[in-house]
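First up is the structure itself, then whatever we jot down about it.
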Amino acid sequence: MLNRELLGPVLFLILFSLYAVSAWQIPIMPFEEYEAVNSATLPKVYALIGIVVCLLSIAATLFKGVPALDIREGAETISKATITQCAALIVLMLIYSSVLEVLGFIVSTILFLGCGFLIMGERRKQILLLASVPVVIVFWAIMTQLLGIYLVPGEFWS
Amino acid sequence: MLDGILVGLSTAFMWQNLLYVIVGCFVGTFIGMLPGLGPITAIALMIPITYNIGADSGMILMAGVYYGAIFGGSTSSILINAPGVAGTVASSFDGYPMAKQGHAGKALAIAAYASFTGGTIGALMLMIAAPLLAKVSLSFQSPDYVMLMFLGLTAIAAFSAKGQFLKAMMMTVFGLMLSTVGIDPSSGTERFTFGQADLLDGVSFLLVAMATFALSEALINVIRPEKANQGSNDDDTPVIGSTKLSGAEVKEMAPVVGRSSILGFIIGVLPGAGATIASFMAYATERNLAPKAIRERFGRGEIRGLAAPESANNAACTGSFVPLLTLGIPGSGTTAIMLGALIAYGIQPGPTLMQDNPTVFWSVIVSMYFGNIVLLILNLPLIPYFAKALTLPRSVLTVMILFFSLIGVYLVSFNTFDLFMMVGFALVAVVLRLLSFPMAPLLLGFILGDMIERNYRRAMMISDGSISFIWERPLTLGIFALAMLVLLIPLKEYFQQRKVAQ
């Protein structure tokens, strides 16, 4: 069974192999054809080094004879609840990135912070409000009024 | 030169310029301390302000922000292991374990003294030897740079803990690969963009740094709450403790700070190197120089492991002004922004700057002394107050880190594609962290990748496609030999351990 020591190098081996395939497809410009170093040279070198290092790492792990532990080893320190919390934050960040220019900085950031605090288990209303609304307003005021930096007002409102 | 110093003194000590240094250091420290916000963002935010106050005052303000942000970055590196600045990543290796052991105050004091000494030594060296050092930098050729970058990469040996060498190598290669994304600067060929226009400019350094450090650290702390709570005894409040250092500790620190300041300054002078490489190299050097018993304490809260990168990064900040002011080449990403600001003022940085705009040249240098004093006076007594900003409830702090990281990247690029990419990188970084892969080598590979490619290509062109450039000049060969030596250290340790095991 795949153990944690093997999983990383195997994932990297796949990534580096895909990179190698792309590296060999980099088009060479006519003027580069006879150059000692062209656009694809170093990517190819990196791909080869990466693959060799991954193979060495896999071989070293197998050679050491590490018992085939479950990839979920260490799971005792990671609970399902915290994984869900982390996944929710990642989804929230993706939503924030999508709506930032649509709803504008102020609305989207207030919503982002409020939802983020809720995901993190914060239920105190004063914290939920004080750590989101004033922070966003002050940040917005400093950026736009004091420093003159443009922050998206939101396509939805215009 | 004396005339120049006097001009610089009279300009730097004008009351409004003194105020700009103080404001710059204070704002820089505060911004740099917030995880996810570094000097690049801080200085970028300052550019609109500096347009209204003139070139010399503007440069003084930005220099103050730069120093402050580097020191502020150390504070967040030490207290919550979330460096907002790449140059302070190495400070977290030993600073954070010290804070976890309840010596946060001591760690911050070490950082303050080391930064002050590094910055002051750097400013002194800059003032005395600016023209001379520019010549040193000029004497470096492309082959030397390639080897210097190679040496920088071999420094990963220092980051990798026992048995982590291959993992560190994989991360370095991953970083190098990321640096090849975008339009090839020499030929204009698109590489690894997959038809995506947003990738034509490549992946932003700020994005990678924030995703792999600030974002992934915050998310890891969510996944492993006990990790975030380790060592703290009161609602995640970092225990500041005493900021006093014993005589023995000062004695232990002094030579480390001296060596690292000089090393940091020299690396900072080299265009393209900068505070990050300086701090990593100072850390690696001190680790390798330390007796075995102390070497094993590196990464677990060793004073030398904190003092070395702290003094080196501040000295390198000063050093990076040499190529900027004398050659017009930025020594780091931050000075690149300053270069843009200088050009916007209508000033052409380069060899003629000293003659054409002596006020700008010398006032920036003189204000560095004052900036260092301000940082020491500002930071030491204000450490508990600065730390208060990091004592927010974990629920609030985590979300704030995510917000500042996202908005920090957005304010530089104004492109939401970067935000999606950043979240993707953070996800990958979380998985890799769970699999015990170190993040610093990825960043180092990413930073050095572009420089390696440019210089390697140039070196090969000069040597007509032959790798003889490695041994043609003693300087190149010397750096190459040093890099190989550093690379062999973990191998030697591995074989020694095997011998003992057998």
Side-chain angles (χ1 to χ4, degrees), chain A residues 4 7-9 11-12 15-16 19 22-23 26-29 31-32 35-43 46-47 49-50 53-54 56-57 60 74 77-78 82-83 85-86 89-90 92-94 96-98 100-101 109 112-113 116-117 119-122 127 131 135 139 143 147-150, chain B residues 45-46 48-49 166-167 169-170 173-174 176-177 180 184 186-192 194 215 218-219 222-227 392-396 398-400 402-403 406-407 410-411 414 416 419-420 422-423 426-427 430-432 434-437 449 452-453 456-457 460-461 464-466:
Chain A
R4 281 177 77 216
L7 182 65
L11 287 176
F12 268 119
L15 177 78
F16 293 165
Y19 179 90
S22 301
I26 293 173
I28 306 299
M29 296 288 180
F31 60 84
E32 285 189 300
E35 297 258 337
V37 184
N38 57 43
S39 324
T41 310
L42 280 181
Y46 296 155
I49 295 174
V53 173
C54 286
L56 272 175
S57 182
T77 59
I78 304 169
T82 58
I83 289 279
Q85 216 173 20
C86 178
L89 284 176
I90 289 170
L92 182 68
M93 286 193 283
L94 291 173
Y96 178 61
S97 306
S98 318
L100 180 63
E101 289 183 347
T109 307
F112 171 76
L113 292 178
F117 299 149
I119 290 170
M120 289 300 294
E122 187 59 66
I127 298 256
V135 168
F139 190 85
M143 291 294 134
L147 302 178
I149 293 161
Y150 174 79
Chain B
L45 292 176
M46 288 295 138
I49 300 174
L166 288 172
K167 281 186 176 175
M169 283 294 288
M170 278 183 257
V173 175
F174 187 30
L176 287 168
M177 287 177 174
T180 60
D184 173 28
S186 300
S187 66
T189 309
E190 281 183 38
R191 297 187 301 189
F192 311 105
F194 308 105
L215 272 191
L219 293 174
V222 173
I223 295 175
R224 286 178 170 158
E226 79 288 349
K227 182 180 175 274
L392 292 158
R394 199 172 68 87
S395 56
V396 174
T398 304
V399 183
M400 286 293 180
L402 302 183
F403 163 64
L406 290 169
I407 210 68
Y410 182 75
L411 285 177
F414 288 97
T416 49
L419 300 185
F420 289 115
M422 190 177 168
V423 177
L427 187 62
V430 167
V431 174
L432 290 174
L434 289 173
L435 293 171
S436 313
F437 277 85
I452 287 179
E453 186 157 13
Y456 177 66
R457 198 173 274 202
M460 288 292 274
M461 275 172 78
D464 217 10
S466 156

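For B:S466, no part lies under 4.5 angstrom from a heavy atom of chain A. Interface residue B:F194: only side-chain heavy atoms are found under 4.5 Å from chain A. For chain A, the nearby part of B:L215 is the side chain; its heavy atoms alone come within less than 4.5 Å. Both the backbone and the side chain of B:S187 come within less than 4.5 Å of a heavy atom in chain A. The contact between B:F174 and chain A is made by backbone and side chain atoms together, counting heavy-atom distances below 4.5 Å. With a threshold of 4.5 angstrom between heavy atoms, A:I90 approaches chain B through its backbone and through its side chain. In this structure, the portions of B:L219 lying under 4.5 Å from any heavy atom of chain A include both its backbone and its side chain. In this structure, the portion of A:F12 lying under 4.5 Å from any heavy atom of chain B is its side chain and not its backbone. Using a 4.5 Å cut-off between heavy atoms, A:I119 does not touch chain B at all. A:T109 touches chain B through its side chain: at least one heavy atom from C-beta onward sits under 4.5 Å away, while N, CA, C and O do not.
For the residue pair B:Y456/A:T41, the side-chain donor-acceptor check at 3.5 Å is not satisfied. A donor-acceptor pair shorter than 3.5 Å cannot be found between the side chains of A:Y46 and B:E453.
Remark: the backbone N or O of A:I127 is not paired with any side-chain donor or acceptor of A:E122 at under 3.5 angstrom. Side-chain atoms of A:Q85 do not come within 3.5 Å of backbone N or O of B:I223 as any donor-acceptor pair. In this structure, the side chain of A:S57 does not engage the main chain of A:V53 through any donor-acceptor pair within 3.5 Å. Checking side-chain atoms of B:R191 against main-chain N and O of A:I26 turns up no donor-acceptor pair under 3.5 Å.
Residue with the most contacts toward chain A among B:E190, B:M460, B:M461, B:R457: B:R457 (heavy-atom pairs, distance under 4.5 Å). Ranked by heavy-atom pairs shorter than 4.5 Å toward chain B, the options A:L113, A:I83, A:I49 are led by A:L113. Options A:G121, A:A40, A:P27 differ in how many heavy-atom pairs under 4.5 Å they form with chain B, and the most are formed by A:P27.
Taking the six-membered ring for Trp, B:F403 and A:F139 have ring centres closer than 6.0 Å.
Rounded to the nearest 0.5 angstrom, B:L402 CG and B:T398 OG1 are separated by 7.0 Å. Taken from CZ in A:F16 to CE in B:M170, the straight-line distance is 7.5 Å, to the nearest 0.5 Å.
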